[in-house]
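Along the sequence shown, residues are numbered consecutively beginning with 1. As the structure is a computational prediction, the values presented were derived from the model and not from experiment.
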Amino acid sequence: MASISGLPAHFAFLFDSLGRPELTLGRVVYGAAGLARVQVSAHDSLTCSARPGDDALVPVTGDWVAIDRSAAVISHVFPRESEFSRRAPGRATTRQVLAANMDWVFILMALDQDFSVRRIERYLALCHASRARPVVFLTKAGAASDVPRALAEVQAVANDTHVHAIDVVCGIEAEGPHDYLGDGVTAAVLGSSGVGKSTLVNHLLGRQVTGTKAVRQSDGKGRHTTTGRELFVLENGSALIDTPGLRELALWADSDDIHAVFPELAELAAGCRFRDCRHGTEPGCAVRAASEHGEVGADRLESYRKLLTETETQRVRRTDHERRAHGRKHARLVRDVLARKYGKHS
């Protein structure tokens, strides 16, 4: 087995357990259009077909895989330790996995027109669902007018998640992100366009690997400088997964993930008269009563209700989608059985 920088012992064990000496262990560093670039050693990678079996995972950036080098095909995708997902953009009720097997999710938000505490709550809910640990980096601190206020606002909703104000261009806590990285550690870098994801990745790698572009002054938005999810390995054996700016961040989570981000409201909700209280107009709502007495901020409560409603709507749609998919699969099975029995389609 070739030496791969930062290879966790868990995945080395899983690969050895296959007992397939003809296969090679590798990690997906980029995937698109049914193909994946797989790193198999510190200086060797190859492009493989990403066509696993029906019951296998579709490989994404960050996956550990076993490949058949002679055929350039991924034959096995190992179970993930974590995965950051969202509901796929558009109307479909399907999940889109953005990155896999990361220990940390670096949530980046710029201290300019992009700043939104409510979006931080959404990111934190998705991080909880991912099984990776979040850390928040408020970027462009050198140009911000009131950094302490912004830090306090974010920390108030982040609970025990670490929050840092940084500016790698100006040298403000520029080395702070390094504290979360080490041999075998992977971090996914997420945020909207223009928040400085590529700038941070270039800084941590110590070289220019991704492009950067200026942000429009009119609306604080930036163009996508990263067009796909790509994994880079640092000299210390850690890895960074750079991602495009996320225009849509629809939830793929459940109510437990929301409660983990709003623990004080979840505790109050235990005192509601109805177990399925949505904290709107229902009588005996302890959460709404706390808000009316000024114990809970109106914006915080509205965010909580919005995310809970979104997860419940998604749950219902997913159930309907899965039921229809099961029905179609059953119908195809019946047609195949009839075709084999009678030699024709029915």
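Between A150 and L111, the shortest heavy-atom contact is CB-CD2, 3.5 Å. Summarising the geometry of R229 relative to T61, their closest heavy-atom pair is O-OG1, 2.7 Å, with the distance given to 0.1 Å. I67 and V65 get closest at one heavy-atom pair: CG2-CG2, 3.8 Å. The shortest heavy-atom contact between G184 and P8 is O-CG, 4.3 Å.
A distance-only check finds no donor-acceptor pair linking the side chain of R86 to the backbone of Q96 [under 3.5 Å]. Side-chain atoms of R69 never come within 3.5 Å of backbone atoms of L46 as a donor-acceptor pair (strictly under, hydrogens ignored). Judged by distance alone, the side chain of H293 and the main-chain N or O of A289 form a donor-acceptor pair under 3.5 Å. Side chain of R87 to backbone of Q314: no donor-acceptor contact under 3.5 angstrom is found. With T313 contributing its side chain and T309 its backbone, the two residues share a donor-acceptor pair below 3.5 Å. A donor-acceptor pair is defined here as one N or O able to donate and one able to accept, closer than 3.5 Å; such a pair exists between the side chain of S82 and the backbone of M102. No side-chain donor-acceptor contact under 3.5 Å links D16 to the backbone of F13. Side-chain atoms of N202 come within 3.5 Å of backbone atoms of V209 as a donor-acceptor pair (strictly under, hydrogens ignored). With D242 contributing its side chain and E230 its backbone, the two residues share no donor-acceptor pair below 3.5 Å. Here the side chain of R119 pairs no donor or acceptor atom with the backbone of G191 at under 3.5 angstrom.
For the pair F137/E173, no side-chain contact is recorded, criterion being any heavy-atom separation below 4.5 Å from C-beta on. Annotation: side chain of W64 is in contact with side chain of L7 (closest heavy-atom distance under 4.5 Å). The shortest side-chain heavy-atom distance between F106 and P177 falls under the 4.5 Å cut-off. The shortest side-chain heavy-atom distance between K140 and M109 does not fall under the 4.5 Å cut-off. Two residues are said to be in side-chain contact when any heavy atoms from C-beta on lie closer than 4.5 Å; L126 and L251 meet this criterion. The closest side-chain heavy-atom distance from V60 to L98 is not below 4.5 Å.
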E83 and R95: CA distance, side-chain angles, deciding distance, salt bridge (charged side-chain N to carboxylate O under 4.0 Å, His left out) verdict = CA-CA 11 Å; E83 55 186 16; R95 180 177 62 152; 2.4 Å; yes
Would you check, one step at a time, whether the test side chain to side chain contact (heavy atoms under 4.5 Å, CB included) holds for T139 with L200?
-> CA-CA 9 Å; T139 62; L200 177 61; over 6 Å; no
Pair E310-K306, salt bridge (charged side-chain N to carboxylate O under 4.0 Å, His left out): steps then yes or no = CA-CA 6 Å; E310 187 174 337; K306 180 179 179 180; over 6 Å; no
Verdict with supporting geometry, R288 and E292, salt bridge (charged side-chain N to carboxylate O under 4.0 Å, His left out) = CA-CA 6 Å; R288 193 175 67 254; E292 292 171 352; 3.7 Å; yes
How far apart are the C-alpha atoms of D254 and R315, what are their side-chain angles, what is the distance that settles it, and do they pass the salt bridge (charged side-chain N to carboxylate O under 4.0 Å, His left out) test?
-> CA-CA 8 Å; D254 57 34; R315 185 191 66 79; over 6 Å; no
Chi angles and distances behind the side chain to side chain contact (heavy atoms under 4.5 Å, CB included) call for V233, R27 = CA-CA 11 Å; V233 179; R27 193 173 197 189; over 6 Å; no
Determine, stepwise, if the pair H76 / R20 fulfils side chain to side chain contact (heavy atoms under 4.5 Å, CB included).
-> CA-CA 11 Å; H76 193 84; R20 300 279 301 278; over 6 Å; no
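The hydrophobic clustering, which links ILVMFWY residues whose side-chain heavy atoms are closer than 4.5 Å, places V40 and V29 apart. With hydrophobic clusters built from ILVMFWY side chains whose heavy atoms lie under 4.5 angstrom apart, V28 does not share a cluster with V97. Using a 4.5 Å cut-off between side-chain heavy atoms of Ile, Leu, Val, Met, Phe, Trp and Tyr, with links allowed through other members, L138 and I172 fall into different hydrophobic clusters. Cluster membership for L234 and I241, using ILVMFWY side-chain heavy atoms within less than 4.5 angstrom, is not shared.
In this structure, CZ in R118 is found 11.5 Å from CZ in R122, a value given to the nearest 0.5 Å.
A salt bridge links R300 with E264: the distance from a Lys NZ or Arg NE/NH1/NH2 to an Asp or Glu carboxylate oxygen falls below 4.0 Å.
Counting only residues at least two apart or on different chains, no salt bridge (charged side-chain N to carboxylate O under 4.0 Å, His left out) pair has a member in residues 100-109.
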Side-chain donor-acceptor pairs of residues 160-170 under 3.5 Å, sequence neighbours excluded:
| unit_1 | atom_1 | unit_2 | atom_2 | d |
| --- | --- | --- | --- | --- |
| T161 | OG1 | A158 | O | 3.3 |
| H162 | ND1 | Y180 | OH | 2.9 |
| H164 | NE2 | Y180 | OH | 2.6 |
| D167 | OD1 | V169 | N | 3.1 |
| D167 | OD1 | C170 | N | 3.0 |
| D167 | OD2 | G142 | N | 2.9 |

